[in-house]
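Position 1 is the first residue of the sequence; numbering continues from there. Computation of the quantities below employed the complete heavy-atom set of this structure, encompassing side-chain atoms and omitting hydrogens, waters and symmetry-equivalent molecules.
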Amino acid sequence: MSRWFDKTRGKVMGIAYLGIGIGGAIVPLLSAWLTARVGWRLSLQLVGGLIILVALPLAYLVRENPDGDRGGAEPAGRAPLRAAQGPPLDLRAILATPSFYLLALGSMCSIAAVGGTNQHLKLFLSLDRGYSQSEAAGIISLVLTISIVGRLLMGWLADRVPRRRVMLLIYLLVAAAIPLLLFRTAAPGAPTMYAFAAIFGLGLGGEYLIIPLMAGELFGIAVLGRVMGIVLTADGVAEATAPMLVGYLRDRTGSYRIGFFLLVAIALVGAGAIALLPGAPRAREVQSVP
């Protein structure tokens with residue numbers, strides 16, 4: 001999509017990422033329905049089979065470039081996007097800039113906060129708040145439903161205001177939502193839980209789509225694949241270790257309070273890193289396609 005769209009890239013990314021929100025909203029309810037009827041093993045196999053039957057053929061048929069070329073070259077008849085006027089930056093030059101490490105740190109911290117919350121949300125609702133399986137699945141589905149709105153909203157904003165500000169807004173939404181889980185009133189049907197679902201869902205909706213948008217604005221699309229390969233690897237480490245740490249703290253203390261407040265602190269560190277990124281005005285990109 002970075003090769004197909006320039007000025008409306010944020011909006012298009014938001015629309016394309018709707019699949020994650022729609023699938024995420026449907027699958028918890030579908031999984032609960034299947035598990036009640038055929039057991040969790042078969043239901044997991046059935047849901048996993050959808051990847052092979054639906055996603056794999058679509059991924060095979062997608063066209064990478066507007067001219068139909070599946071290679072990695074810039075599309076014919078179109079000037080490459082650059083991080084600044086002049087030749088495109090190479091990867092070594094990017095790795096020598098503070099902006100790369102601020103982006104990597106910011107995304108790692110926010111992904112850690114999101115991953116730690118998501119992975120433990122159902123356990124927290126069941127163990128600490130007394131939610132039934134269906135009630136917990138309903139809250140998770142609501143979060144992911146609202147994330148659909150978040151994807152469209154954040155993608156739309158990213159085309160109209162500096163993306164650094166949009167990224168900062170997303171990370172602050174994540175940090176602001178997590179403490180709502182710890183309110184004593186976060187019982188089934190409580191307004192606090194719906195407030196959490198709304199705020200966290202909006203932040204979650206923009207979380208993943210803003211990273212490639214910000215990287216493309218800072219460094220251009222010529223090396224976007226390699227830059228995102230490094231950043232997403234770091235994000236994967238954060239997303240894997242944060243839930244383990246939160247689980248360890250829950251086992252040691254008997255409560256999610258310390259773990260969740262740690263996630264808030266991590267999210268705020270990520271927001272601080274993004275706030276330190278230099279401005280990247282849209283004029284620095286070569287806009288060759290209206």
Side-chain angles (χ1 to χ4, degrees), residues 2 10 13-14 16-21 23-24 99-124 140 143-144 146-148 150-151 153-155 157-158 163-181 196-197 199-219 224-250 256 259-277:
S2 294
M13 290 279 281
Y17 273 60
L18 286 179
I20 299 175
S99 295
F100 173 82
Y101 297 98
L102 289 171
L103 178 64
L105 175 62
S107 64
M108 280 184 69
C109 289
S110 189
I111 292 291
V114 167
T117 305
N118 272 338
Q119 293 295 329
H120 286 276
L121 183 56
K122 188 173 183 180
L123 285 173
F124 168 76
I140 294 170
V143 168
L144 294 170
I146 295 174
S147 77
I148 296 172
R151 295 174 209 283
L153 175 62
M154 298 307 171
L157 283 175
R163 288 169 184 166
R164 178 171 61 95
R165 295 182 183 177
V166 179
M167 198 172 197
L168 184 59
L169 171 63
I170 291 168
Y171 289 7
L172 291 175
L173 285 173
V174 171
I178 298 173
L180 295 175
L181 293 172
F196 162 80
I199 298 172
F200 190 77
L202 289 175
L204 178 64
E207 176 72 32
Y208 293 95
L209 71 87
I210 197 62
I211 300 173
L213 289 174
M214 192 71 238
E217 184 169 275
L218 288 171
F219 309 119
L224 184 58
R226 283 169 285 174
V227 169
M228 289 303 300
I230 299 171
V231 171
L232 293 181
T233 299
D235 291 348
V237 173
E239 193 168 19
T241 55
M244 294 174 60
L245 178 58
V246 173
Y248 170 79
L249 292 172
R250 171 62 172 78
Y256 275 107
F260 281 174
F261 274 122
L262 178 61
L263 294 180
V264 173
I266 291 172
L268 291 175
V269 170
I274 298 307
L276 293 175
L277 282 173

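Partners of Y248 according to the side chain to side chain donor-acceptor pair (under 3.5 Å) rule, which considers only residues two or more places apart in sequence or in another chain, are R252. For L169, the side-chain contact (heavy atoms from CB on, under 4.5 Å) partners are M154, L157, L173, not counting sequence neighbours. Scored by the ring pair (Phe, Tyr, Trp, His ring centres under 6.0 Å) test, F260 finds F124, Y256 as partners (sequence neighbours excluded). Evaluation of the side-chain contact (heavy atoms from CB on, under 4.5 Å) rule for I140 yields P28, L121, K122, L144 as partners, not counting sequence neighbours. Qualifying side-chain contact (heavy atoms from CB on, under 4.5 Å) partners for T117, counting only residues two or more places apart in sequence or in other chains: I178, L181, F196, F200, L263. Partners of Q119 according to the side-chain contact (heavy atoms from CB on, under 4.5 Å) rule, which considers only residues two or more places apart in sequence or in another chain, are P243.
The CG atom of L245 sits 6.5 Å away from atom CD1 of I266, with the distance rounded to the nearest 0.5 Å. Atom CD1 of I210 is separated from atom CZ of R151 by 12.5 Å, given to the nearest 0.5 angstrom. Of the inter-residue distances, the one linking F219 atom CZ with S99 atom OG reads 5.5 Å to the nearest 0.5 angstrom. If you take OG on S110 and CE on M167, they are separated by 7.5 Å, rounding to the nearest 0.5 Å. Taking CD1 from I211 and CG from L232, the interatomic distance works out to 6.5 Å, rounded to the nearest 0.5 Å. Atoms CE and OH, on M108 and Y101 in that order, are 13.0 Å from each other to the nearest 0.5 Å.
When every heavy atom of S107 is checked against every heavy atom of A104, the shortest pair comes out as OG-O, 3.1 Å. Scanning all heavy atoms of the two residues, the minimum distance from R163 to L213 falls at NH1-O, 3.7 Å. Considering every non-hydrogen atom in both A175 and L268, the closest pair reads CB-CD2, 3.8 Å.
Looking only at side-chain heavy atoms (C-beta outward), F100 and L218 stay at 4.5 Å or farther from each other.
A side-chain contact (heavy atoms from CB on, under 4.5 Å) with L204 is found for one member of V174, I146, N118 and no other, namely N118.
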